[in-house]
Visitor: 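Can you keep this structure in mind? I'll have questions shortly.
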Amino acid sequence: MSMDVTFLGTGAAYPSPTRGASAVVLRCEGECWLFDCGEGTQTQLMKSQLKAGRITKIFITHLHGDHFFGLPGLLCTISLQSGSMVSKQPIEIYGPVGLRDFIWRTMELSHTELVFHYVVHELVPTADQCPAEELKEFAHVNRADSPPKEEQGRTILLDSEENSYLLFDDEQFVVKAFRLFHRIPSFGFSVVEKKRPGKLNAQKLKDLGKCFFVFCFFPPSHQ
């Protein structure tokens with residue numbers, strides 16, 4: 001399987017003319033998965049060989065602005081570039097509780113009408129990540145005033161036995177989130193490629209420098 005990782009931004013706090021805020025793209029099998037979407041991610045995409053319309057999944061580590069303030073604009077750009085392409089699969093967005101409400105409010109206040117559907121899956125932090133009195137409850141039901149292109153997402157709880165959050169498990173990958181400890185609830189993500197059936201020539205793989213691919217994304221640390 002062909003894979004590559006593109007660092008669109010590794011800066012913290014705010015973008016600079018030469019360094020974008022946090023954003024990383026994992027590309028495989030014709031899909032692009034975006035990890036964090038700081039301000040300026042659209043511009044960085046335009047400088048790369050990547051196409052915004054190829055993004056099928058977005059993962060947000062935490063709700064500090066330098067990690068997700070670029071998300072509303074990116075969704076609008078994808079919508080503009082998609083035109084009347086109603087067959088586009090929904091974009092799946094994963095992130096901490098509160099992300100769905102942020103996107104909903106942004107779309108509502110800007111009177112934005114996306115041409116594609118999207119779904120937000122929210123990760124619920126544990127008490128040691130966020131004091132109970134600071135954790136707001138967000139409704140996860142279809143509301144009459146919710147964006148027409150939003151589909152129902154999942155509320156994902158920590159699997160205490162695995163100490164992780166299972167995001168999805170398909171024929172090719174197992175993708176999980178795990179807790180990080182920051183000033184606000186934060187999560188890292190792991191993407192593990194499943195073993196494929198068949199016999200492998202281990203020596204030839206070593207000679208070619210190949211191995212099973214494991215990708216882990218942590219948000220850049222900042223003070």
Visitor: For Phe102, is there any backbone N or O sitting under 3.5 Å from a side-chain donor or acceptor partner on Thr106?
Guide: yes

Visitor: Between Ile156 and Val174, is there shared hydrophobic-cluster membership here, with clusters defined by ILVMFWY side-chain heavy atoms closer than 4.5 Å?
Guide: no

Visitor: Can you label the angle between the Phe59 ring and the Tyr94 ring as parallel, tilted or perpendicular, going by 30° and 60°?
Guide: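 Judged by the thresholds at 30° and 60°, the geometry between Phe59 and Tyr94 is parallel.
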
Visitor: Between Val97 and Leu123, is there a side-chain heavy-atom distance shorter than 4.5 Å?
Guide: no

Visitor: For Tyr165 versus Leu158, what's the shortest heavy-atom pair and its separation?
Guide: CE2-N, 3.2 Å

Visitor: Same cluster or not: Val191 versus Val5, using hydrophobic residues (I, L, V, M, F, W, Y) connected whenever any side-chain heavy atoms lie under 4.5 Å apart?
Guide: yes

Visitor: Any chain of hydrophobic side-chain contacts (each under 4.5 Å) joining Met46 to Ile55?
Guide: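 Different hydrophobic clusters.
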
Visitor: Return the minimal non-hydrogen interatomic distance between Ser186 and Gln129, and the atom names on each side.
Guide: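 Ser186 and Gln129 have their closest heavy atoms at O-NE2, 3.0 Å.
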
Visitor: If every non-hydrogen atom of Glu122 is compared with every non-hydrogen atom of Asp101, which pair is closest and at what distance?
Guide: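 Shortest heavy-atom separation between Glu122 and Asp101 comes out as OE2-N, 4.3 Å.
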
Visitor: Using side-chain heavy atoms (C-beta onward) and a distance below 4.5 Å, is Leu34 in contact with Leu74?
Guide: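 Yes, side chains in contact.
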
Visitor: Nearest 0.5 Å, please: how far is CD1 in Ile93 from CD1 in Ile103?
Guide: 4.0 Å

Visitor: Measure centre to centre between the rings of Trp33 and Phe173, then say whether the value is under 6.0 Å.
Guide: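 Under 6.0 Å, so yes.
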
Visitor: Are side-chain N/O atoms of Thr6 and Arg27 paired as donor and acceptor at under 3.5 Å?
Guide: no

Visitor: Does this structure show an ion pair linking Arg100 with Glu150, if we count only N-O contacts that are shorter than 4.0 Å?
Guide: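 Between Glu150 and Arg100 there is a salt bridge, with a charged N closer than 4.0 Å to a carboxylate O.
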
Visitor: Assess whether side-chain hydrogen bond (donor to acceptor under 3.5 Å, both in side chains) is satisfied between Glu31 and Thr56, documenting all intermediate values.
Guide: CA-CA 6 Å; Glu31 290 192 20; Thr56 57; 2.8 Å; yes

Visitor: List the atom of Phe189, the atom of Ile60, and the distance in Å for their closest heavy-atom pair.
Guide: CZ-O, 3.6 Å

Visitor: Under a 4.5 Å side-chain heavy-atom rule over Ile, Leu, Val, Met, Phe, Trp and Tyr, are Leu71 and Val119 clustered together?
Guide: no

Visitor: Evaluate the criterion side chain to side chain contact (heavy atoms under 4.5 Å, CB included) for residue pair His67 and Leu63; output intermediate values, then yes/no.
Guide: CA-CA 7 Å; His67 291 260; Leu63 300 185; over 6 Å; no

Visitor: With a 4.5 Å cut-off on side-chain heavy atoms, are Met3 and Glu193 touching?
Guide: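 SC-SC contact between Glu193 and Met3 confirmed.
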
Visitor: Less than 6.0 Å separating the ring centroids of Phe187 and Phe178?
Guide: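 No, too far apart.
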
Visitor: With a 4.5 Å limit on heavy-atom distance, are the side chains of His64 and Arg183 in contact?
Guide: yes

Visitor: Please report the interatomic distance CD(Gln44) to OG1(Thr10), rounded to the nearest 0.5 Å.
Guide: 9.0 Å

Visitor: For residues Asp159 and Asn163, determine if any side-chain heavy atom of one lies less than 4.5 Å from a side-chain heavy atom of the other.
Guide: no

Visitor: Hey, does the side chain of Asp36 reach the backbone of Thr61 with a donor-acceptor pair shorter than 3.5 angstrom?
Guide: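 At least one qualifying donor-acceptor pair exists.
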
Visitor: Report yes if some heavy atom in the side chain of Glu39 is under 4.5 Å from a heavy atom in the side chain of Asp66; otherwise report no.
Guide: no

Visitor: For a quick test of reading the model, state the closest non-hydrogen atom pair linking Pro185 to Pro125 and the distance between them.
Guide: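 That would be CB-CB, 3.6 Å.
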
Visitor: Any luck finding a side-chain donor-acceptor pair between Glu92 and His121 under 3.5 Å?
Guide: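 Side-chain D/A pair, Glu92 to His121: present.
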
Visitor: Would you indicate whether the side-chain heavy atoms of Pro90 and Phe116 approach each other to under 4.5 Å?
Guide: no

Visitor: Drop me the distance from Thr155's OG1 to Gln152's CD, to the nearest 0.5 angstrom.
Guide: 8.0 Å

Visitor: What about Val120 and Leu166, same hydrophobic cluster or not, with Ile/Leu/Val/Met/Phe/Trp/Tyr joined at side-chain heavy-atom distances under 4.5 Å?
Guide: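 Different hydrophobic clusters.
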
Visitor: On a heavy-atom basis, which atom in Val25 and which in Cys32 lie closest, and how many Å separate them?
Guide: CG1-CB, 4.0 Å

Visitor: Evaluate the side-chain proximity of Leu45 to Leu8: yes if any heavy-atom separation is below 4.5 Å, no if none is.
Guide: yes

Visitor: Between Asp170 and Lys194, does any side-chain N to carboxylate O distance fall below 4.0 Å?
Guide: no

Visitor: Begin from the C-alpha positions of Leu114 and Met107 and carry the test side chain to side chain contact (heavy atoms under 4.5 Å, CB included) through to its verdict.
Guide: CA-CA 9 Å; Leu114 302 176; Met107 298 296 108; 4.1 Å; yes

Visitor: With a sphere of 6.0 Å drawn around OH of Tyr14, does it hold more than 12 non-hydrogen atoms of other residues, nucleotides or ligands?
Guide: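 It does not: Tyr14 OH has 12 such atoms or fewer within range.
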
